[in-house]
Enquirer: 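Have a look at the structure that comes next, please.
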Protein chains: 2
Amino acid sequence: MSEGATGLIEAGAGVQPQAGERRRGIDRVIMLFEALLKHRAPMRIGDIAKMINAPRSTTYEIVNSLLEAEMLENVGSEGYVYFGRAMHLFGWAYSHHNAHYRRILETLDRMAAETGETVQLCGLRGNKYVVLDCRDSPGPFRISSDVGVEVPIPWTASGRLLVGHMHETELKDFIPAADYELPDGRVIAPDEFFADVDLARRQGFSETSALADRFTWCMAAPIRNSHGAINTTLCFVLPVDTPEPRRNQLLELLRERARALSLAGS
Amino acid sequence: MSEGATGLIEAGAGVQPQAGERRRGIDRVIMLFEALLKHRAPMRIGDIAKMINAPRSTTYEIVNSLLEAEMLENVGSEGYVYFGRAMHLFGWAYSHHNAHYRRILETLDRMAAETGETVQLCGLRGNKYVVLDCRDSPGPFRISSDVGVEVPIPWTASGRLLVGHMHETELKDFIPAADYELPDGRVIAPDEFFADVDLARRQGFSETSALADRFTWCMAAPIRNSHGAINTTLCFVLPVDTPEPRRNQLLELLRERARALSLAGS
DNA sequence: TTAGTTTGTCCGGTATTCCAGACATCATGT
DNA sequence: ACATGATGTCTGGAATACCGGACAAACTAA
């Protein structure tokens, strides 16, 4: 247990400043992109070098190659770089290459329009939960900037569904111990979490209230791929004080749409 | 003149099968992504190797690295790979990192909803024109799959605006001679094109009818960045037989919205 | 001014990546 | 049955990509 699982993510920024290790250009590139994603804002080359723990000269060379390929882009007056136009095209290609994903995005649009609530598409990335796309409620000010930000699985309703295929022993290895601690300091008992996962699997949806955030009620329903596995979830993010009848109505809609998007019958 | 400009794009697929040339991993990665984008569908590793002219063993190693980073993804039963989830997140980060781009996308949504027509956001990529994003008209069946596909500049209305900052001599070097030939075999006289570019610059918009496609009328208006340069264009794609009054009305809307999105006053 | 920090570029050497090729499997066709 | 071709893995060796470090220039602070 403990945190053996994090060992997989050796590219994690910052840690292990062990010097003198030569690495491949490809690996540097991957680390660079993940660092940029984590930072979520343009960075200067020197800072990138520090963040991915690479020599400055190497970083310059890599960044220049990527700039030329438009995978990175100069932003602002001097020295800052961020993702470039090519990335946008690659990402667009990813999200439209199959009819399935396109249908999911259309559903997202429709649900947001019909209900006026915040709708999200969620998935896993390594051993963390991420929002893959979202449509924000026009009402409350809730900025849609958390797409791609990694969040501990136990903090989320979707997370409980997305790990539904794992046994308890696997889960213990998979989820870092630190991830059971909520942002406000409370700690979720792992056994309680495992029970939640089990419940979510049996009832085919998951709800959390005031978990990662004291003011939100989250509900998630699974989208299954052609093998019946859960790749992504559909998810409503509601104000906690949403009246129960409306919650039930929305949950019904959510489950129906998620079922319609799933590829395999039971 | 002739086609000296294409020399810049040495990563262009297929050509120059000269063997025995060692290349950096980074360059292989870039070529791989561009090949995938051009192909617009999942590919097998062996075919990728041929397409980017790399040794098979090298290609396997690179692909596996990228798979692990989720920049590529296995698709289908066996052996096919395409862009992965990480690409989607990187691309999302690109298109949302600044308020400007977000406003552009919202405008795209609004214009599509208001008019029911096909709206596109266009830009340059190297010496080609590309659609960066689009909202399709619900009416005619026009599939929105041309985002990211490179098209010769002279085929498009937007292209005439996007090269407006260049002198005639620059343009001659910049645009490959072959790009003046339309898909149906007609050839645009370069001088005529230069005159079009000049006209577009002076009147602040550009229109083409039945150019790249016999059945469409395109109109484009420039979005200027804070330096007054034209980075992207907003564009309507209409049926050629759209009545003139409506065309004028749409053109007015287009110019107004594009102006509102531009950052610098004149 | 001086001293300190950061940026961008360049260069020589070596640790390593990338390449060529072999090999076992599997699929397909005749 | 055999022949053909593609897939995925592995290995040794040589070309070179990456690294450390130096350098000039620009910027800041006192």
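In what follows, every chain begins at residue 1, and chains take the letters A, B, ... in the order their sequences are listed. Please read all numbers here as calculations on a predicted model, not as lab measurements.
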Enquirer: Side-chain N or O of R28(A) less than 4.0 angstrom from OP1 or OP2 on dC19(D)?
Expert: yes
Enquirer: For R160(A), what residues pass the salt bridge (charged side-chain N to carboxylate O under 4.0 Å, His left out) criterion, not counting sequence neighbours?
Expert: D196(A)
Enquirer: Would you please indicate if the ring centroids of H96(B) and W92(B) are separated by under 6.0 Å?
Expert: yes
Enquirer: Examine distances only and state if a side-chain atom of H167(A) and a backbone atom of T169(A) form a donor-acceptor pair shorter than 3.5 Å.
Expert: no
Enquirer: Write out all pairs satisfying salt bridge (Lys or Arg N to Asp or Glu O under 4.0 Å) with one or both partners inside residues 52-63 of chain A, taking only residues at least two apart or from two chains.
Expert: E61(A)-R24(B)
Enquirer: Quick one: bend of the helix from dT1(C)-dA30(D) to dT30(C)-dA1(D) from 5 pairs per end, to 10°?
Expert: 40°
Enquirer: Mind calculating the distance between CD1 (I48(B)) and C1' (dA6(D)) to the nearest angstrom?
Expert: 15 Å
Enquirer: Counting distance only, does the side-chain N/O of N64(A) pair as donor-acceptor with the main-chain N or O of Y60(A) below 3.5 Å?
Expert: yes
Enquirer: What is the distance from CG of D47(B) to C1' of dT7(D), rounded to the nearest Å?
Expert: 11 Å
Enquirer: Would the distance check show the side chain of H39(A) and the main-chain N or O of A41(A) forming a donor-acceptor pair, the cut-off being under 3.5 Å?
Expert: yes
Enquirer: For I52(B) and dC18(C), give me the distance from atom CD1 to atom C1', rounded to whole Å.
Expert: 13 Å
Enquirer: Starting at CD of E61(A) and ending at P of dT16(D), how long is that distance when rounded to a whole Å?
Expert: 14 Å
Enquirer: Between dT16(C) atom P and R23(A) atom CZ, what is the distance in whole Å?
Expert: 12 Å
Enquirer: Kindly state each residue pair satisfying ring pair (Phe, Tyr, Trp, His ring centres under 6.0 Å) with at least one member in residues 62-82 of chain A, sequence neighbours excluded.
Expert: Y82(A)-H97(B)
Enquirer: Would a distance-only check, ignoring hydrogens and angles, find a side-chain to backbone donor-acceptor pair under 3.5 Å from W155(B) to E181(B)?
Expert: yes
Enquirer: Within this structure, what is the CG-to-P distance between D27(B) and dT16(D), rounded to whole angstrom?
Expert: 13 Å
Enquirer: Reckon T58(B) has a side-chain N or O less than 4.0 Å from the OP1 or OP2 of dC19(C)?
Expert: yes
Enquirer: Any side-chain N or O of R44(B) below 4.0 angstrom from OP1/OP2 of dT7(D)?
Expert: yes
Enquirer: Can you build the contact string for nucleotides 8-15 of chain D? Use B for base contact, S for sugar-phosphate-only contact, and - for no protein heavy atom under 4.0 Å.
Expert: BBB----B
Enquirer: Could I get the full list of salt bridge (charged side-chain N to carboxylate O under 4.0 Å, His left out) partners for D198(B), not counting sequence neighbours?
Expert: R201(B), R202(B)
Enquirer: Between P on dT9(C) and CD1 on I62(A), what's the gap in Å once rounded to a whole number?
Expert: 15 Å
